[in-house]
> 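First the structure, which I've put down as structure tokens, then a few questions once you've had a look.
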Amino acid sequence: MIVIVDFGAGNTRSVLFALQRIGADACLTADAAELKEANGVILPGVGAFGRAMERLKRGNLDAALVDSVSTGKPLLGICLGYQLLFSESHEHGHHVGLGLIKGDVLSFGKGVKIPHMGWNSVEYRKSSCLFEGVENGTFFYFAHSFFVRPAEHAAALAVTDYGGEFVSSVQSGNVFGVQFHPEKSAGAGRVVLENFCRLCRVS
Amino acid sequence: MLAKRIIPCLDIKGDRVVKGVSFKSLADAGDPVGCAVEYQRQGADELVFLDITATLDTRETMVNLVTDIAGEISIPFTVGGGIGSVDHIHRLLDAGADKVSINTAAVYTPELIGEASKIFGAQCVVVAIDAASGDGAWKVYTHSGGRPADIEVVRWAKEVEERGAGEILLTSIDSDGHKAGYDKELTASVAEAVSLPVIASGGAGGPEDIYAVLTGGKADAALAASIFHYGAFSVGEVKEFLAERGVTINSFQKRT
């Protein structure tokens with residue numbers, strides 16, 4: 001069972017639908033205890049970083065996520081969920097994140113349109129089981145105004161060019177993250193989700 | 001590099017597609033889910049569904065339809081038509097829509113833009129601007145183009161950006177339905193005035209019009225209805241035309 005953390009930050013249902021389409025056993029939950037039963041966890045989300053962290057804390061979901069990762073279960077952060085994996089964010093002030101990956105979240109500078117919205121290519125920096133079967137340079141769907149800066153280069157799986165390169169996917173042990181929306185990225189996104197499910201041994 | 005987007009738009013009445021979509025491959029051309037799946041197959045980047053009846057009675061129908069569409073397609077889609085409250089937006093997003101498009105309500109209650117943006121994120125708040133020229137200036141119209149609002153278009157575009165919109169869907173009422181090309185000057189003037197993505201709408205007659213608005217018109221995306229619905233061109237054909245001329249598009253070819 002893949003558990004999708006539903007903390008009221010939108011778009012969670014799209015992730016559930018995408019997993020159902022590939023035949024994965026998945027559910028939405030806001031209950032920290034359910035994370036213990038999961039084979040793997042997805043942290044989705046759109047919206048504001050600070051508000052999202054507050055909601056995770058209110059449901060003790062922050063601690064449950066850290067616990068889940070420590071037991072070796074795969075975790076996939078998507079979009080805002082990806083940014084929440086990092087230590088801190090400078091989105092409208094300063095906010096502390098889950099700290100599962102060292103690094104911070106910053107705003108795109110001037111000179112590009114914000115949000116970064118639409119299909120952009122993802123260029124690999126190293127091979128990963130997450131992108132197995134997806135050709136380098138494939139387009140994925142993005143919709144975000146902030147980007148992550150991992151403290152360690154080794155964490156970067158892929159980069160994307162938007163007024164300069166930013167890290168669009170990371171992996172640190174069993175923690176994975178993608179800035180794009182695999183659930184909205186047609187066939188290529190489907191392959192990424194299938195790969196994640198395989199990691200969780202649910203498909 | 002970020003790709004330019006091609007966005008087919010479907011008008012919905014009740015739970016049916018209107019304005020005669022005619023795909024040979026579809027047994028039921030009025031079925032929104034079937035049309036959505038077909039457009040995804042053709043390589044559409046996103047879809048827009050406009051509820052053209054948009055009464056309180058049909059609101060529930062649309063919410064259910066959104067869930068059906070979200071269950072079947074894996075590209076983003078926007079829902080518009082008669083959206084006027086945070087609660088209504090919440091219901092549509094919760095049902096599976098990726099973005100909502102606000103038009104008349106944005107003009108009459110502009111604080112809705114900021115409220116929605118704060119709660120759901122700017123990326124899901126599209127402000128639709130219907131523009132018509134007159135007295136040498138482009139003015140905003142509401143109520144499906146039926147009522148002038150006496151606001152200058154570029155000024156309004158800047159205001160919606162400040163208020164927290166994530167995208168602008170700009171329709172030229174003058175060009176809409178004429179298939180003689182988008183209004184490139186209007187589109188460029190808005191695209192240059194704001195740092196939000198701008199979707200051009202109204203006037204597509206063929207791939208060359210889409211090329212023109214994405215290049216000279218400086219649009220980030222082009223929305224079209226009839227050229228796709230009647231099968232004059234497929235989305236794939238338009239993208240091929242653009243790619244041959246050096247426009248970055250997602251052909252959806254690269255995969256495995």
Side-chain angles (χ1 to χ4, degrees), chain A residues 6 8-18 20-22 45-49 51-52 79-80 92 108 110-123 132-145 160-163 181-191 193, chain B residues 1-7 40-41 43-46 66-77 89-90 92-99 117-126 161 164-168 191 194-199 218 220-221 248-256:
Chain A
D6 181 12
N11 271 34
T12 42
R13 195 182 277 232
S14 296
V15 178
L16 178 66
F17 285 148
Q20 285 171 343
R21 279 195 294 269
I22 61 176
V46 294
F49 191 102
R51 191 185 168 99
C79 196
L80 177 63
H92 310 305
F108 282 114
K110 284 196 165 38
V112 290
K113 296 201 169 191
I114 297 172
H116 172 221
M117 174 92 74
W119 300 80
N120 205 334
S121 56
V122 169
E123 313 284 341
E132 202 179 302
V134 183
E135 203 178 313
N136 192 21
T138 295
F139 283 82
F140 287 88
Y141 187 81
F142 291 84
H144 62 119
S145 303
T160 294
D161 183 22
Y162 193 59
H181 288 275
E183 77 281 12
K184 288 289 163 182
S185 293
R190 179 188 174 108
V191 176
L193 290 174
Chain B
M1 205 174 147
L2 186 64
K4 299 280 187 180
R5 288 170 284 155
I6 306 299
I7 308 175
Q40 176 172 338
R41 194 194 61 76
D45 294 300
E46 291 185 36
V66 163
T67 303
D68 291 344
I69 294 164
E72 288 297 323
I73 64 168
S74 53
I75 55 172
F77 68 97
I89 293 169
H90 188 205
L92 291 166
L93 295 176
D94 208 37
D98 298 282
K99 313 179 201 180
S117 178
K118 213 174 192 177
I119 299 170
F120 310 110
Q123 81 294 327
C124 66
V125 182
V126 181
E161 176 176 33
E167 208 166 15
I168 289 172
V194 296
S195 71
L196 294 176
V198 174
I199 305 166
K218 305 196 165 158
D220 299 281
T248 303
I249 50 101
N250 179 10
S251 66
F252 291 92
Q253 296 299 318
K254 258 187 183 178
R255 201 178 297 169
T256 48

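First the proteins, then the strands, lettered A, B, ... as listed; each starts at 1. Excluded from the calculations below are hydrogen atoms, water molecules and symmetry mates; all remaining heavy atoms, backbone and side chain alike, are included.
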> Under 4.5 Å between any side-chain heavy atoms of A/Arg21 and B/Ser74, yes or no?
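Counting from C-beta outward, A/Arg21 and B/Ser74 do come under 4.5 Å.
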> Grab the two heavy atoms, one from B/Gly96 and one from A/Ser14, that are nearest each other, plus how far apart they are.
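Scanning both residues completely, I find the closest heavy atoms to be O-OG, 3.8 Å.
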> Quick check on A/Ala18 against chain B: is it the side chain, the backbone, both or neither that has a heavy atom closer than 4.5 Å?
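No part of A/Ala18 comes within 4.5 Å of chain B.
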> Taking all atoms of both residues into account, what is the closest heavy-atom pair of A/Pro115 and B/Pro197, and its distance?
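The answer is O-CG, 3.7 Å.
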> CD1/B/Ile249 to CZ/A/Phe139 distance, rounded to the nearest 0.5 angstrom?
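The CZ atom of A/Phe139 is 7.5 Å from CD1 of B/Ile249, to the nearest 0.5 Å.
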> Could you tell me which of B/Val198, B/Ile73, B/Leu196 has the largest number of non-hydrogen atom pairs under 4.5 Å with chain A?
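The answer is B/Leu196.
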> Please classify the contact of A/Ser185 with chain B as side chain, backbone, both or neither, using a heavy-atom distance under 4.5 Å.
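Only the backbone of A/Ser185 comes within 4.5 Å of chain B.
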> Counting heavy-atom pairs under 4.5 Å to chain A, which of B/Ile119, B/Val194, B/Thr67 comes out on top?
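Most heavy-atom pairs within the cutoff with chain A belong to B/Thr67.
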> Which pair of heavy atoms, one from B/Pro76 and one from A/Trp119, lies closest together, and at what distance?
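The answer is CD-CZ2, 4.2 Å.
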> Answer with side chain, backbone, both or neither: which region of B/Ala191 has an atom nearer than 4.5 Å to a non-hydrogen atom of chain A?
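Contact with chain A is through both the backbone and side chain of B/Ala191.
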> With sequence neighbours left out, what residues match B/Asp94 under salt bridge (charged side-chain N to carboxylate O under 4.0 Å, His left out)?
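B/Asp94 satisfies salt bridge (charged side-chain N to carboxylate O under 4.0 Å, His left out) with no other residue.
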> Flag the pair A/Tyr141 / B/Ile75 as yes when at least one side-chain heavy-atom distance between them is below 4.5 Å, and no otherwise.
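The answer is no, as the side chains (C-beta and beyond) never meet within the 4.5 Å cut-off.
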> Please classify the contact of A/His116 with chain B as side chain, backbone, both or neither, using a heavy-atom distance under 4.5 Å.
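Contact with chain B: side chain only.
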> Check whether any side-chain heavy atom of B/Gln123 lies under 4.5 Å from a side-chain heavy atom of A/His144, and answer yes or no.
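No, every pair of side-chain atoms sits at 4.5 Å or beyond.
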> Measure the shortest side-chain to side-chain distance between B/Asp98 and A/Lys184 over non-hydrogen atoms and say whether it is less than 4.5 angstrom.
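Yes, their side chains come closer than 4.5 Å.
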> Would you please name every residue forming a salt bridge (charged side-chain N to carboxylate O under 4.0 Å, His left out) with B/Lys99, sequence neighbours left out?
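Only B/Glu46, B/Glu167 meet the salt bridge (charged side-chain N to carboxylate O under 4.0 Å, His left out) criterion with B/Lys99.
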> Is there side-chain contact between B/Arg5 and A/Met117, with at least one heavy-atom pair below 4.5 Å?
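Of all side-chain heavy-atom pairs linking A/Met117 with B/Arg5, at least one is under 4.5 Å.
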